[in-house]
Amino acid sequence: MIPRNLKYTERHEWAQKEGNEILIGITDCAQDELGDITYVELPQKGDKISQGKEFATVESVKAASDIYAPVSGEVIKVNETLADEPGKINESPYEEGWLIRVRISEPAELDGLLDADAYKKLIEEN
Amino acid sequence: MTGRERFRETPLAGRHEALGGRMVPFAGWRMPVQYTGIIDEHLHTRANAGLFDICHMGEFYLRGKGAADDVDRLVTCRTDNQADGQCKYGFLLDEQGGVLDDLITFRISEEEYLLVVNAASLERDRQWIESHLSPDTEFADESDRTGKIDLQGPKSEDIMIQLLGPGALSALHRFRCRYVKINGVRVLLSRTGYTGEHGYELFFPIESTETLWDLLLSYPPVKPVGLGARDTLRIEKGLPLYGHELNEHRTPLEANFERFVYWDKAFIGRKALQQQKQQGIRQRLTGFVCEGRRAAREGYAIFQNEKEIGIVTSGAFSPCLKKGIGMAYVNPDRIEEGASIQIRTDRAEIEATISSVPFL
């Protein structure tokens, strides 16, 4: 499941452009690999994130994993429901399981991300 | 899959893949870590019945006139009062009192004992046991010829009654075993397991593995359960896993399992263990419960008032308690029920409290 309208990273995060705001989450492939997600640590509203740097931690029953920012910007909203229902990421990685919304500071960064075809190829090669 | 040929497979590898099992390396074997999901399989086992492929574990037989005495000397638990068909949990120690393995001994008869050992320590166990036998004992490693499946959970008894008829289970209490016939196959059926639930372990000739797996899975309350949930199930019940809570550098006293050490007999490692009992232990195994959903993991350091007091051996999210839980070695004078501790990771500090086990 790889929506056409999203951009992707090689580390399995996705970014959805809505004007100059970007919605960020992890892909279906990533949630499947992690298994049941039990805990998510998100940044706070107002925090700055930088492309390629970790901004969140996602824990599954078996392990903890860092999540890296697909773009740079300021966090304007976080998905509060994940605190009690982190399993939303497993159930709905592209919709209810989104992580944060940011105001992008370097819009050109989006162009460097993978499109759906390139991300599909990356998964198939691994 | 690369490197697949380096791992051994049980007769059920094809079944696991057909059931959607995710295969991972474990103790030299390719085993399913999960099918539908660890939490789902965990909760299913607690409410219904889970089926586990445990063919990777080892089965050693000690037979002959020396078998009873040899077993008694090799393991820490009391065996002189062990009845036919009785199972006992104990430890195999080295001369220093370090744990070589934890295992269950099954007394089949006066001159036949079965020792069920962990896959990861099987080779070392075999060498150790073989080098400590009397001439009157015949040793047989029947691991490659023996299939093992566990059926665990509150519905497991109903299924066994449907399979065998009500009489076949009479007086098969916890930690008792007996031979039964299932579909014409001679099965050693044991009321033991690694989930803390009512359940059974089945031992049988390996060629019957697929038939018995299919038969047990055909009962509606039964679902296959992988190693992931096997781990969370045992952690919730405070059961140790060799290589984590137990290893050759830890003794049964440190692991808080003195109840499985019978002092009134001669066993290998007794002298060192007695010395440790007099001198006192530096660390002891305890449980802990995290404040929230974040789990501590093996190797994380434990602090109290900024002083390092221990180390985590196992940690996981508890599907039943919906909190992080785990086990750790901690300075004994700091082990007080409900005492606050901080578990430090490279990511964060987790607030937790000391708790006795089992957690439920």
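In what follows, chains carry the letters A, B, and so on, assigned in the order in which the sequence lines appear, proteins first and then strands, with residues in each chain numbered from 1.
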I need the contact set between residues 110-124 of chain A and chain B: heavy-atom distance under 4.5 Å, sorted by residue number.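 Checking residues 110-124 of chain A against chain B gives no residue, so none.
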Is the number of heavy atoms from other residues, nucleotides or ligands within 6.0 Å of [atom1] ([X]) greater than 12?
{"X": "Glu21(A)", "atom1": "CD", "answer": "yes"}
{"X": "Glu351(B)", "atom1": "CD", "answer": "yes"}
{"X": "Lys323(B)", "atom1": "NZ", "answer": "no"}
{"X": "Arg344(B)", "atom1": "CZ", "answer": "yes"}

Taking side chain as everything from C-beta outward and backbone as N, CA, C, O, which of these in Asp84(A) sits under 4.5 Å from a heavy atom of chain B? Side chain, backbone, both or neither. backbone
Can a donor-acceptor pair be found, under 3.5 Å and without considering hydrogens, that links the side chain of Gln34(B) to the backbone of Gly35(A)?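 Not confirmed, Gln34(B) side chain does not pair with Gly35(A) backbone.
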Between Arg297(B) (side chain) and Lys62(A) (backbone), is there a donor-acceptor pair under 3.5 Å?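 A pair under 3.5 Å: yes.
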Please flag which part of Asp40(B) lies under 4.5 Å from any non-hydrogen atom of chain A: side chain, backbone, both or neither.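 For Asp40(B), the contact with chain A is made by the backbone alone.
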Mind checking the CD1-CD1 spacing from Ile39(B) to Ile37(A)? Nearest 0.5 Å is all I need.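 If we round to the nearest 0.5 Å, Ile39(B):CD1 and Ile37(A):CD1 are 10.0 Å apart.
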So, do Val61(A) and His42(B) sit near enough that their side-chain heavy atoms are less than 4.5 Å apart?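 No. Closest side-chain heavy atoms not under 4.5 Å.
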Pairs where residues 35-53 of chain A contributes a residue and the test side chain to side chain donor-acceptor pair (under 3.5 Å) is met, not counting sequence neighbours: Glu41(A)-Arg294(B)
Indicate the atoms forming the closest heavy-atom contact of Arg293(B) with Ala83(A), along with that distance.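 Arg293(B) and Ala83(A) have their closest heavy atoms at CD-O, 3.7 Å.
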